[in-house]
Trainee: 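Handing you this structure, nothing more for now.
Every chain is numbered from 1, with letters handed out A, B, ... down the list of sequences.
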Amino acid sequence: MKSIMRSILSNSRGNLKDNVHKIISILNDFTEKRLIVQGTIFHGYLIKKGISSQKQIAVKLLIMYLKSGKPNDINQMLKEFDGFNLVVRNCLISANLEWGKLDEARQLFDEMPERNEVSWTAIISGLLRYGRVEEAIWYFERNPFPSLFSWTAAISGLVQNGSSVKAMKLFVEMLQSGVLPNNVTLTSVIRACGELSDFNLGMCVLGLIVKVGFEHDLSVSNSLITFNLRLNDTVSAMTIFNRMQSKDVVSWTAILDMYVQMGELAEARRVFDEMPERNEVSWSTMISRYSQSGDAEEAVNLFIHMVQQGFKPNKSCFASVLSALASLEASVLGKIVHGHILKLGMERDAFIGSSLVDLYCKCGGTKDGRVAFDSILEKNVVCWNSMVGGYSLNNQLEEAKELFDKIPRKDNISWNSLITGYLEYEKFDEVFEVFSDMLLSGERPSKSTFSSVLCACASLASLERGKNLHGKAIKLGFHSDIFVDTALVDMYAKSGDVESSKKIFKRMPKRNEISWTAMIQGLAENGFAEEALAVFEEFEQTKSIAPNELLMLAVLFACSHCGLVDKGLYYFNSMEKVYHIQSNDRHYTCVVDMLSRSGRLSEAEKFILDMPCEPEVQAWAALLSGCKTYRNERMAERVAEKISELAEKNPGGYVLLSNVYASAGRWLDVLHMRKLMKEKGLKKSGGYSWIEVRNQPHFFYSQDGSHNESSEIYGVLELMRSEMVLK
DNA sequence: CTAGGGTTAG
C-alpha cells in the first residue's frame with residue numbers, strides 16, 4: 001500500500017493523464033481482488049489530493065464500492081454522482097445483477113431515462129446468467145442496438161443456461177442478419193455444439209472458423225479442445241493442444257481435465273504440478289476433481305495451499321471446498337471458510353448457499369443450515385433439495401415435508417431426498433406414500449428411487465409390494481442396473497424368497513461388493529450358510545473387487561451359523577493380513593458368538609478379553625448365552641458381572657441383563673433391573689412381529705394389545721390344534 | 001460479450 005502511494009506521489013509532478021491511468025489501473029486491481037479496505041484508504045488519499053471527483057476516477061471508485069457488495073449505500077452514491085447518470089445507472093444495474101437482485105436491476109433498467117448499448121447488453125446477459133431465459137429474450141427482441149456484442153451476450157448466456165439449441169438458432173439468425181461472429185461468439189457456439197454432443201454441427205462451425213480466419217485464435221482453440229473432450233476424442237484434443245503456438249492457463253487446465261476424464265487423477269495432478277502458470281480456475285479444477293472423486297482431504301489440503309500462495313478463491317472454488325468439508329463433517333474449518341464468504345458477500349449465491357446448507361446439515365446444525373438457505377437470493381432447485389435433504393438427514397421429517405411441498409419446480413432429486421429421509425428413519429408408510437405421489441405427479445422414478453423403495457420393502461419383508469416394484473422397474477428399463485438389482489436381491493432374500501434372489505443375482509451383468517454382501521447375507525440369514533460360503537469363494541475367485549467390512553461380517557455370520565468355527569477364525573485372521581480391512585467391534589462379536597455357539601467357551605472369553613477395542617454388550621451377551629447352553633455357571637457369573645458394569649454406560653445393557661436374569665429364573669434380580677431402568681427413565685421398546693396380507697401389514701406386539709383380531713386368530717389356532725391332536 | 005472450474009440424493 002505504502003509503495004503504491006509513494007509511486008503515485010513521486011509521479012504527482014508529472015503528466016496528469018499518466019497519473020489518471022495509473023490510478024484507474026490500481027482501482028481496477030482493487031475491484032477485481034475485492035480489496036475494499038485498501039480501496040477505501042486509497043480513496044481517502046485521492047480526496048486529499050483533490051482528484052477523487054475527476055470523472056473517470058469517480059466512476060471507477062463507484063464501481064469498486066458497488067462490486068464490494070454494500071447495497072445499502074446505493075442511494076447515497078447515486079445522489080453524489082448525479083452528473084453522469086447513464087454510466088452510473090449501468091454500473092448499478094450490473095452490480096445488482098451480480099448480487100442476484102434481478103428484480104431491482106430490472107426496475108432500474110425500466111426506469112432509465114435513456115439507455116445505451118451497454119445497458120441493454122447488461123440486462124440481457126444478467127438475466128440469462130440466472131436462467132431467466134424468457135425475460136432475457138423479451139428484452140433482446142426489443143433491443144434497438146443489435147450489435148455483435150449483444151448477439152454474443154445472448155448466445156453465450158443461452159449456452160450457459162443449457163439452452164444450446166436456442167443459442168444455435170440465435171447464431172443462425174445473427175449470420176442471416178449479416179453480422180459476422182468474432183472469436184468470443186465462436187467460443188460460445190463451439191461450446192453449444194459440445195453440450196449437444198453434435199459432431200456434425202461442430203464440423204460446420206469449424207468450417208466457418210477457418211473461413212473467418214480464427215482457427216489459430218487462442219480462445220477458439222481452447223474451446224475446440226473441450227469440444228473434442230466432450231465427444232470423447234482425446235486424441236484430437238491432444239493434437240490441437242500440441243499444435244497450438246501459444247498456450248495459456250485455460251489450455252493447460254483443459255488438458256488437466258482430460259486426464260481426469262480418462263480416470264487418471266494422478267496424471268492430472270502431475271500436469272497441475274508442472275503447469276507453467278496456474279490461476280484460481282486451475283486450482284478450482286484440481287480441488288473440485290479431488291472432491292468429486294471422493295478424496296475430500298486432498299481437496300481441502302489443496303485449498304489451504306491455494307490460499308497460502310495468495311490466490312483468491314472464487315465462487316466455484318468455495319462451492320467445491322465446502323462440499324469437501326461437508327463430506328468430512330469439518331464444521332470448525334467450515335465456519336472459518338463461511339466467515340470469509342460472508343466477508344466477500346458471496347453467501348447469497350445459489351451454488352455457495354447450497355454447499356453451506358449441506359455443510360451445516362451434515363454437521364447436524366439444521367438451524368444454521370436454514371439461515372444459509374434463507375440468505376440465498378435466487379434459489380434454484382439444488383438449494384431446495386439440499387435443505388430438504390438436510391432436514392431428512394437429521395430426522396426433522398415434518399420440516400422436510402413442509403419445505404418439499406413449497407419447492408416451485410421439483411426434480412427427481414427432490415423426491416428422492418424426501419424418500420431417503422423417510423427410509424433412513426424407518427417411516428416406511430411415508431416412503432410408499434411419497435413414492436405414489438411421485439408417480440401421480442408424473443415424475444419418472446430413477447434407479448435410486450427404486451433402490452430406496454425396494455429397501456423399504458426389504459425392511460418390511462413386503463414381498464407383494466417388492467414384486468410390484470420389480471415389474472415397474474423392468475417396464476422403465478432398469479432391469480439390469482446394478483443398484484436396482486442389488487436392492488432386488490436384498491428385498492427377495494429378506495422376504496424369504498431366496499430362489500428369486502439367487503435368480504436375479506446370477507443374471508446380474510455387473511456386481512459390486514454390496515451386491516455380493518446382499519447375496520451372502522441373504523443366504524446365511526435364510527439358513528443356507530454353506531451356500532453363502534460357496535458364493536463367497538466364488539467372489540474371491542473374481543479377484544476384481546476387494547471385500548469390505550460389511551461383506552466380511554456377512555461371511556463371519558455365515559460361518560457362525562453353520563458351525564464352521566475354524567473356517568470363520570481363518571477368515572477373521574486373514575481380514576487384516578490378506579484384505580487389509582480393520583476389524584471392528586461387530587466382527588469381534590460375531591467371532592465370540594461363533595465360539596460360544598460351538599461350546600469353545602474359554603476360547604471365547606479369552607478372545608473377548610484380548611480385544612483391542614471396547615467389546616459390544618452383545619459380545620458378552622453371546623458368551624453368556626453360550627454359558628447357559630453349555631451349563632458353565634461359574635463363567636456365567638463372571639460374564640453377568642461384566643454386563644452389569646457395562647449397563648451403567650449402555651442403557652441397552654439393562655434390557656439385556658434383565659432378559660438374562662429372567663431366563664435364569666432369577667426374578668428378584670429382574671425386578672431390581674426393571675426398577676433401575678425406571679429410575680433412569682429407560683423404556684424397553686416393545687418387540688413385534690408382522691406379516692403382510694394383500695399389501696396390508698398386520699402387527700403382533702409382544703406386550704399390550706397384540707392384534708385387534710387376536711381372539712379370532714386364537715380361535716382358528718385352537719381349531720387347528722385340535723385337528724392336529726385328533727390325527 | 002469469452003474458452004477452463006461450481007452445489008443436492010443414491
Side-chain angles (χ1 to χ4, degrees), chain A residues 117-118 120-122 124-126 128-129 147-157 159-160 181-191 194 217-227 229 248-258 260 279-289 291-292 313-323 326 349-359 361-362 376 379-390 392-393 411-421 423-424 446-452 455 481-484 486-487 514:
Chain A
E117 199 191 310
V118 179
W120 285 93
T121 311
I124 294 167
S125 64
L128 281 171
R129 214 163 49 222
S147 64
L148 177 58
F149 273 129
S150 59
W151 282 106
T152 307
I155 290 171
S156 73
V159 178
Q160 278 173 19
N182 65 7
N183 51 349
V184 180
T185 327
L186 287 169
T187 47
S188 292
V189 172
I190 300 163
R191 182 171 159 194
D217 182 86
L218 183 60
S219 312
V220 173
S221 304
N222 285 341
S223 41
L224 281 171
I225 293 180
T226 322
F227 172 74
L229 288 180
D248 67 352
V249 212
V250 180
S251 333
W252 283 99
T253 311
I255 285 302
L256 186 161
D257 223 22
M258 180 185 87
V260 176
N279 66 5
E280 69 284 354
V281 179
S282 331
W283 284 93
S284 272
T285 309
M286 209 57 235
I287 291 170
S288 73
R289 292 310 183 237
S291 172
Q292 284 160 350
N314 58 18
K315 287 179 184 172
S316 312
C317 191
F318 276 123
S320 296
V321 79
L322 283 173
S323 157
D349 178 77
F351 279 90
I352 291 190
S354 309
S355 310
L356 280 172
V357 170
D358 188 45
L359 170 73
C361 293
K362 287 235 168 86
I376 304 171
K379 297 182 186 67
N380 62 22
V381 68
V382 180
C383 309
W384 290 92
N385 292 348
S386 305
M387 197 64 235
V388 170
S392 296
L393 203 67
D411 68 359
N412 208 277
I413 296 177
S414 322
W415 292 95
N416 289 343
S417 305
L418 190 64
I419 290 176
T420 47
L423 178 69
E424 187 67 31
S446 65
K447 304 169 209 167
S448 26
T449 321
F450 275 108
S451 64
S452 302
C455 186
D481 176 79
I482 189 163
F483 289 99
V484 175
T486 303
I514 304 168

Trainee: Starting at CG of Asn380(A) and ending at C1' of dA9(B), how long is that distance when rounded to a whole Å?
Mentor: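 Result: 15 Å.
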
Trainee: Output the single nucleotide from dG4(B), dC1(B), dT7(B) whose closest atom is nearest the side chain of Ala319(A).
Mentor: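 The answer is dT7(B), which lies nearest to the side chain.
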
Trainee: At under 4.0 Å between heavy atoms, what does Asn412(A) touch on the DNA or RNA strands: base, sugar-phosphate, or nothing?
Mentor: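 Nothing, no nucleic acid heavy atom in range.
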
Trainee: Contact class for Ser316(A) (heavy atom, under 4.0 Å): base, sugar-phosphate, or nothing?
Mentor: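 Since a base atom lies under 4.0 Å of Ser316(A), the category is base.
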
Trainee: Tell me if the NZ atom of Lys447(A) is crowded by more than 12 foreign heavy atoms within 6.0 Å.
Mentor: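 No - once you tally the heavy atoms of other residues, nucleotides and ligands closer than 6.0 Å, there are 12 at most.
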
Trainee: Is any side-chain nitrogen or oxygen of Ser219(A) closer than 4.0 Å to OP1 or OP2 of dT2(B)?
Mentor: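 Result: no.
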
Trainee: Step by step, work out the side chain to side chain contact (heavy atoms under 4.5 Å, CB included) result for Ser452(A) and Asn416(A).
Mentor: CA-CA 8 Å; Ser452(A) 302; Asn416(A) 289 343; 5.9 Å; no

Trainee: Identify whether any heavy atom of Ser320(A) sits under 4.0 Å from a base atom; if not, whether one sits that close to sugar-phosphate; answer base, sugar-phosphate or nothing.
Mentor: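 Counting heavy atoms under 4.0 Å across all strands, the contact made by Ser320(A) is with sugar-phosphate only.
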
Trainee: Give a yes or no answer on whether the side chain of Ser323(A) reaches the backbone of Ala319(A) with a donor-acceptor pair at less than 3.5 Å.
Mentor: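 It does not hold such a pair.
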
Trainee: Report the distance from atom CG of Leu359(A) to atom C1' of dT8(B), rounded to the nearest whole Å.
Mentor: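 Whole-Å distance recorded here is 13 Å.
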
Trainee: Base, sugar-phosphate, or nothing: which does Ala154(A) touch, judged by heavy atoms less than 4.0 Å apart?
Mentor: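 Since no nucleic acid heavy atom lies under 4.0 Å of Ala154(A), the category is nothing.
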
Trainee: Measure the distance from CD1 on Ile124(A) to P on dT2(B) and round it to the nearest whole Å.
Mentor: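 About 13 Å, once rounded to whole Å.
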
Trainee: If you look at every strand shown and take non-hydrogen atoms under 4.0 Å, does Thr152(A) touch a base, only sugar-phosphate, or nothing?
Mentor: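 Thr152(A): base contact, heavy atoms under 4.0 Å.
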
Trainee: Which one, dG4(B), dC1(B), dT7(B), comes nearest to the side chain of Ser354(A)?
Mentor: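 Minimum distance to the Ser354(A) side chain belongs to dT7(B).
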
Trainee: Kindly point out which of dC1(B), dT8(B), dA3(B) is positioned nearest to the side chain of Ser156(A)?
Mentor: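 Out of dC1(B), dT8(B), dA3(B), the nucleotide with an atom closest to Ser156(A)'s side chain is dC1(B).
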
Trainee: Between Arg289(A) and dG6(B), is there a side-chain N or O to OP1/OP2 distance below 4.0 Å?
Mentor: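 For Arg289(A), the contact criterion (side-chain N or O under 4.0 Å from OP1 or OP2 of dG6(B)) is met.
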
Trainee: Indicate whether any N or O donor in one side chain lies under 3.5 Å from an N or O acceptor in the other, for Asn222(A) and Ser219(A).
Mentor: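 Judged by distance alone, the side chains do not pair up.
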
Trainee: Nearest of dC1(B), dG6(B), dA3(B) to any side-chain atom of Phe351(A)?
Mentor: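 Nearest nucleotide to the side chain: dG6(B).
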
Trainee: With sugar-phosphate meaning primed atoms plus P, OP1 and OP2, does Ser448(A) contact a base, only sugar-phosphate, or nothing at under 4.0 Å between heavy atoms?
Mentor: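 Touches a base.
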
Trainee: Separation of Ile413(A) atom CD1 from dA9(B) atom P, in whole Å?
Mentor: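 My rounded result for the distance is 8 Å.
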
Trainee: Taking any heavy-atom pair under 4.0 Å as a contact, classify Asn279(A): base, sugar-phosphate, or nothing.
Mentor: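 Result for Asn279(A) = base.
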
Trainee: I'd like to know whether Glu424(A) forms a side chain to side chain contact (heavy atoms under 4.5 Å, CB included) with Leu393(A), so could you lay out the CA-CA distance, the side-chain angles of the two residues, the decisive distance to 0.1 Å, and finally the verdict.
Mentor: CA-CA 8 Å; Glu424(A) 187 67 31; Leu393(A) 203 67; over 6 Å; no

Trainee: Where the side chain of Thr226(A) is concerned, which of dT8(B), dT2(B), dA3(B) is the nearest nucleotide?
Mentor: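 Closest nucleotide to the Thr226(A) side chain: dA3(B).
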
Trainee: Ignoring backbone atoms, establish whether Ser414(A) has a side-chain N or O less than 4.0 Å from OP1 or OP2 of dT8(B).
Mentor: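 No, outside the criterion.
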
Trainee: Round to the nearest Å and state the distance from Asp257(A) atom CG to dG6(B) atom P.
Mentor: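 From Asp257(A) CG to dG6(B) P: 7 Å.
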
Trainee: Closer than 4.0 Å, any side-chain N/O of Gln160(A) to the OP1 or OP2 of dC1(B)?
Mentor: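 It does not, given that no N or O in the side chain of Gln160(A) lies less than 4.0 Å from OP1 or OP2 of dC1(B).
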
Trainee: Have a look at Phe483(A) and say if it touches a base, only the backbone sugar-phosphate, or nothing, with a 4.0 Å heavy-atom cut-off.
Mentor: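 Phe483(A): no heavy atom of the nucleic acid under 4.0 Å.
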
Trainee: Output, in order, the C-alpha distance, side-chain angles, deciding distance and verdict of side-chain hydrogen bond (donor to acceptor under 3.5 Å, both in side chains) for Ser223(A) and Thr226(A).
Mentor: CA-CA 5 Å; Ser223(A) 41; Thr226(A) 322; over 6 Å; no

Trainee: What nucleotide, of dT8(B), dG10(B), dG4(B), holds the atom closest to the side chain of Thr420(A)?
Mentor: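 Comparing dT8(B), dG10(B), dG4(B) against the side chain of Thr420(A), the answer is dG10(B).
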
Trainee: At 4.0 Å (heavy atoms only), tell me whether Lys379(A) reaches a base, stays on the sugar-phosphate, or touches nothing.
Mentor: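 Nothing, no nucleic acid heavy atom in range.
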
Trainee: Does Leu148(A) offer a backbone N or O that forms a donor-acceptor pair with the side chain of Thr152(A) under 3.5 Å?
Mentor: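 Present.
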
Trainee: Specify the separation, in whole Å, of atom CG of Asn385(A) and atom C1' of dT7(B).
Mentor: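 The answer, rounded to whole Å, is 10 Å.
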
Trainee: Do Asp349(A) and dG6(B) have a side chain to base donor-acceptor pair shorter than 3.5 Å?
Mentor: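 Between dG6(B) and Asp349(A), which were checked side chain against base, a qualifying N/O pair under 3.5 Å is present.
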
Trainee: Asn182(A) CG to dC1(B) P: how many Å, rounded?
Mentor: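 Value for this atom pair: 12 Å.
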
Trainee: What's the CD-P distance between Gln292(A) and dG10(B), to the nearest Å?
Mentor: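 Taking CD of Gln292(A) and P of dG10(B), I get 17 Å after rounding.
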
Trainee: Choosing from dT7(B), dG4(B), dA3(B), which nucleotide comes nearest the side chain of Thr187(A)?
Mentor: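 So the side chain of Thr187(A) is nearest to dA3(B).
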
